[in-house]
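Values below: every heavy atom of this structure, side chains too, minus hydrogens, waters and symmetry copies. None of the values given here were measured: they were computed from a predicted structure.
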Amino acid sequence: MNKARILIGIDLEELNLQAGKGQEPGREERLQVSREGLDKALTILDRYQLRGTFFITAAWAQAYPEMVRQLARRHEIAAFGNIERNTLEQVIAKRIYGCRMPVGTKPDYSALKAAGYLYHSGGQQVKPMTIEGGIYEIYAGSVRPLWVTKFFLGRAPVISLHFSSRELGTQSISRAGNPGLAARLDSVLSYLSRKGQFMPHIEWLQEQLSDD
């Protein structure tokens, strides 16, 4: 029996805050929230020797180009937003195949195809993958409690998880942090590392296309 395929997508983005009272944090501080979360995410991924996909904004890549190149040696790099592709390709000197639009932004699949993307990840868990306007749409689910993960394992050919690294970052300037995520992520990935095979999105997609 083949092992379940497991995808994990991690967003690297600058923290966006609505204008309000008090002093708004600067660009560097907004980027740093995500950078701190990345360190925690990598600690967990490296602990279980897992590979995944990092969806990165152009601003983040320009702020931390060496970090992005380091990530690209082991993981897939994809775009967070539909206009980031050229910048990311210049940073890592590799083709960018996938993207994810920010929460609340509906993908324009025709525009994504015209920009050269092969897939978008952000769809609902109706099917593991659909084709929308010539683009492969790969579902992205949240990191749910371990008992929920165990329930779905074996009932679907692929489990696709997603979170933003800023959820693991400091909460000193916003409520973006998720204090329980690190422990939940560790327990879920520890379990899944024994039950399935982790792979970047593009490798899973290529595997599906080769089976057709």
Taking every non-hydrogen atom, the tightest pair across E13 and S34: O-CB, 3.1 Å
Are E66 and R73 within salt-bridge range, i.e. N to O under 4.0 Å? yes
Do T43 and D39 come within less than 4.5 Å of each other through their side chains, counting heavy atoms only? no
Atom pair CD (E203) and CD (Q197), whose distance is rounded to the nearest 0.5 Å: 8.5 Å
Would you give the length of the straight line joining atom CG of L45 to atom CZ of R74, rounded to the nearest 0.5 angstrom? 8.5 Å
So do I92 and L71 actually touch side chain to side chain, heavy atoms under 4.5 Å? no
Return yes if some donor-acceptor pair links the side-chain N/O of K40 with the main-chain N/O of A182 below 3.5 Å, else return no. no
Would a hydrophobic clustering, with Ile, Leu, Val, Met, Phe, Trp and Tyr connected at side-chain separations under 4.5 Å, put W204 with I131? yes
Steps toward side-chain contact (heavy atoms from CB on, under 4.5 Å) verdict (I202, R95): CA-CA 11 Å; I202 186 58; R95 181 181 172 185; over 6 Å; no
Provide the closest heavy-atom pair for L112 versus N82 in the form atom of the first, atom of the second, distance. CD2-CB, 3.4 Å
For R5 and K3, indicate whether the former's side chain and the latter's backbone hold a donor-acceptor pair under 3.5 Å. yes
Taking atom OH of Y136 as the centre, report whether more than 12 heavy atoms of other residues, nucleotides or ligands fall under 6.0 Å from it. no
In the structure I gave you, are the side-chain heavy atoms of F80 and R100 within less than 4.5 Å of one another anywhere? yes
State, with a plain yes or no, whether a side-chain heavy atom of H120 is found less than 4.5 Å away from one of I138. no
Determine whether a donor-acceptor pair (N or O, by modelled atom type, separation under 3.5 Å) exists between the side chain of E84 and the backbone of T57. no
Side-chain heavy-atom pair F54, V68 within 4.5 angstrom cut-off: no
Starting at CD1 of I77, measure out to CG of L88 and round the result to the nearest 0.5 Å. 7.5 Å
Please round to the nearest 0.5 Å and tell me the distance separating atom CG of L38 and atom CD1 of I10. 7.5 Å
I would like to know whether E137 and Y109 meet side chain to side chain donor-acceptor pair (under 3.5 Å); could you show each step before the answer? CA-CA 9 Å; E137 176 67 70; Y109 293 107; 2.5 Å; yes
Between V143 and R184, what is the shortest heavy-atom contact and its length? O-NH1, 2.7 Å
Output yes when a side-chain donor or acceptor of Y191 lies under 3.5 Å from a complementary backbone atom of K150, and no otherwise. no
Report the C-alpha distance between R194 and S190 in whole Å, list the side-chain angles of each, state the deciding distance to 0.1 Å, and finish with yes or no for side chain to side chain donor-acceptor pair (under 3.5 Å). CA-CA 7 Å; R194 303 189 300 271; S190 173; 3.1 Å; yes
Side-chain heavy-atom pair L7, T53 within 4.5 angstrom cut-off: no
Does the pair L42 and H75 meet the rule for a side-chain contact (heavy atoms from CB on, under 4.5 Å), with working shown? CA-CA 11 Å; L42 287 176; H75 306 277; 4.3 Å; yes
Contact between V91 and R69 at the side-chain level, heavy atoms closer than 4.5 Å - yes or no? yes
Looking at every non-hydrogen atom in both residues, tell me the closest pair between R85 and A79 and how far apart they are. N-CB, 4.5 Å
Determine yes or no for a side-chain-to-main-chain donor-acceptor pair under 3.5 angstrom, with S160 supplying the side chain and Y139 the backbone. yes
Can you tell me how far apart CG (L189) and CD1 (I44) are? Round to the nearest 0.5 Å. 6.5 Å
What distance do L209 atom CG and M129 atom CE have between them, rounded to the nearest 0.5 Å? 6.0 Å
Show the nearest heavy-atom pair for residues S165 and L12, with the distance to one decimal. OG-CD2, 3.2 Å
Distance-minimising heavy-atom pair for E14 and L31: CB-CD2, 3.6 Å
For side-chain contact (heavy atoms from CB on, under 4.5 Å), just list the numbers for I8 and L50, CA-CA rounded to whole Å, side-chain angles, deciding distance to a tenth of an Å, and then say yes or no. CA-CA 9 Å; I8 184 163; L50 307 179; 5.8 Å; no
Kindly assign one of parallel, tilted or perpendicular to the pair F55 and Y119, based on the angle between their ring planes and the thresholds 30° and 60°. perpendicular
So do Y97 and H201 actually touch side chain to side chain, heavy atoms under 4.5 Å? no
Take F163 and L168 through the test side-chain contact (heavy atoms from CB on, under 4.5 Å) and record every step on the way to the result. CA-CA 9 Å; F163 67 94; L168 296 173; 3.8 Å; yes
Please lay out, stage by stage, how W147 and F151 fare under the test ring-ring contact (aromatic ring centres under 6.0 Å, His included). CA-CA 6 Å; W147 70 268; F151 176 81; 7.6 Å; no
